[in-house]
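Worksheet for the structure shown next.
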Amino acid sequence: MNDIVIHAENLSKRYCIGKNHAKYGTLRDSIADASKAVLQKAGRLLRGRLPRDQAADEVLWALAGVSFEVRRGEIVGIIGRNGAGKSTLLKILSRVTEPAGGECSIRGRVGSLLEVGSGFHPELTGRENVYLNGAIIGMKRSEIDRKFDEIVNFAEVERFIDTPVKHYSSGMYLRLAFSVAAHLEPDIMLVDEVLAVGDSRFWQKSISKMRDLNAAGMTILLVTHDLWLVQTISSRAICLDKGKIVVDATPLQAIGQYKNLNDHAPAAAAACSGEASAPGCGELLDFSVTGDGEWGAQEGALPDSGLTITMKARAERIPLLKFLVRVTSPDGFPYFTVYSGPVAGQDDGFVSCEAVIPHVMLLPGDYYLWGAVCSGAAEGPILDEKRVPLRIKGSGEPLHEKSLFWNRAEWRLWGSDGDRVS
């Protein structure tokens, strides 16, 4: 239990969403309104009704009985649809808001990045806000002094560090806020979607920094809609829906559940009716994958492994068709797609194929491997498709973390005199 740094048990949070709107008035108006509210509440109680602030149709449960634990050094991705309770959860963990029920214990110093400029005072300069934020999380001035130049250099705001932050752009706010949260050495960092505000270069820089911090032992909770980021940086993921945890498992499992929650599209293809008047259609009957090369005892391939994919399709009244193999991220982003050549439909309606990919050439992570049967026309639509999870394991080689694909090259090196050195 010594490595548990966050313990949340039955956390709940509700908000009243009644139709009452605040209005401004005199002190006499305020006293009269308060007296009227007391009399109305007493009247409801005498009639056996709930007080207005407890009426079921006026309460939104942003969190409803959320329980989980986080171990030291984990990166936990938190995903879910808008309104699922992700930001509310991080605000409770950050002590920004109190839960309506349940309890949460945290061991260690917490740094929060909940929104652009969170924790900054707009009238203070960047320099003053750096020291203010450090003091808030319990750092000594000498610790902040030691980190100050590194913070400013990472944020790239040297010219504006003595300017009040109310004059900063949203990008400058983000860079300084993230740099403060990352460099003031909290034990736990809570990040809520704010990196989406920055440009791609700073995004990559921030992700690399979070990897370095985690390698040094920092625990990170990351709320994001970027499912590829969850897959590549998280060791675990939690999917929330309607204030409850629906999945707390591997990133791939949580992302799959998230996609199911968002997937309202009809099936790729309807079953064929078999009637002579029905239009041509295709159905993928078999889709199987076997590993070639170095595969482990558990499911998963090394980056240099190969794949053999076999498919069988039933294609009726289709003069020409083709097969497709595709590798995607868990949220459906395609990395590469290969098609077979077109093949004429057979008299019995069945067509089979085999595709061999000698090397998958992907860095360690979770992916989806898709197989499909398509119309043979150019840009022909997919008639039916199936998918299986594909896990690439670490090979022990120093693969580059900032890449996606893995490959080898044959190198020839020369010195300044033109002689070959390798």
- request: Measure across Ser94 and Leu190 and return the closest heavy-atom pair with its distance rounded to 0.1 Å.
  value: OG-CD1, 3.1 Å
message: Classify the ring geometry of Tyr168 against Phe160: parallel below 30°, tilted from 30° to 60°, perpendicular beyond 60°.
response: perpendicular
message: For a side chain to side chain contact (heavy atoms under 4.5 Å, CB included) check, start with the C-alpha distance between Met311 and Val373, then their side-chain angles and the critical distance, and finish with the verdict.
response: CA-CA 9 Å; Met311 289 181 275; Val373 59; over 6 Å; no
query: Do Thr250 and Gln253 have side chains that get closer than 4.5 Å, going by heavy atoms?
result: yes
- prompt: Where do Val165 and Tyr173 come nearest, in terms of heavy atoms and distance?
  reply: O-CE1, 3.3 Å
message: Just so I know, are the side chains of Ile79 and Ile238 near enough to count as touching, which here means a heavy-atom distance under 4.5 Å?
response: no
Lys/Arg-Asp/Glu bridge criterion (N-O < 4.0 Å) met for Asp3, Arg71: yes
task: Check Thr88 against Ala62 and note the closest heavy-atom contact, atom names and distance.
output: OG1-CB, 3.8 Å
- request: Quick one: closest heavy-atom pair of Cys104 and Leu93, and the distance?
  value: SG-CD2, 3.2 Å
message: For the OG atom of Ser67 and the CG atom of Leu11, what is their distance to the nearest 0.5 Å?
response: 7.0 Å
message: Testing the basics here: between Val110 and Pro186, what is the closest heavy-atom pair and its distance to 0.1 Å?
response: C-CB, 4.0 Å
- request: Please say whether the positively charged group of Arg81, taken as NZ for Lys or CZ for Arg, lies over the ring of Tyr258, i.e. under 6.0 angstrom from the six-membered ring centre and within 45 degrees of the axis.
  value: no
query: Between Thr125 and Asp162, does any side-chain donor sit less than 3.5 Å from a side-chain acceptor?
result: no
message: I want to check something: taking the side chain as every heavy atom from C-beta on, are Cys374 and Leu383 in contact at a cut-off of under 4.5 Å?
response: no
query: Looking just at side-chain N and O atoms, do Trp370 and Thr328 make a donor-acceptor pair shorter than 3.5 Å?
result: yes
- request: Report yes if the side chains of Val5 and Asp187 come closer than 4.5 Å at any heavy-atom pair, otherwise no.
  value: no
- prompt: So do the side chains of Thr97 and Lys13 get within less than 4.5 Å of each other, counting heavy atoms only?
  reply: yes
Residue pair His121 / Asn129, side-chain heavy-atom distance below 4.5 Å: yes
task: Taking all non-hydrogen atoms of both residues into account, name the closest pair between Lys322 and Pro342 and its distance.
output: CB-CA, 4.3 Å
- prompt: Less than 4.5 Å apart, any side-chain heavy atom of Leu222 and any of Val230?
  reply: no
message: I'd like to know if Lys205 pairs up with Glu156 as an ion pair, taking the criterion as any Lys NZ or Arg NE/NH1/NH2 lying under 4.0 Å from an Asp or Glu carboxylate oxygen.
response: yes
- prompt: Should Lys86 and Asp192 count as an ion pair when the cut-off is N to O under 4.0 Å?
  reply: no
- prompt: Is the shortest heavy-atom distance from the side chain of Tyr339 to the side chain of Val325 under 4.5 Å?
  reply: no
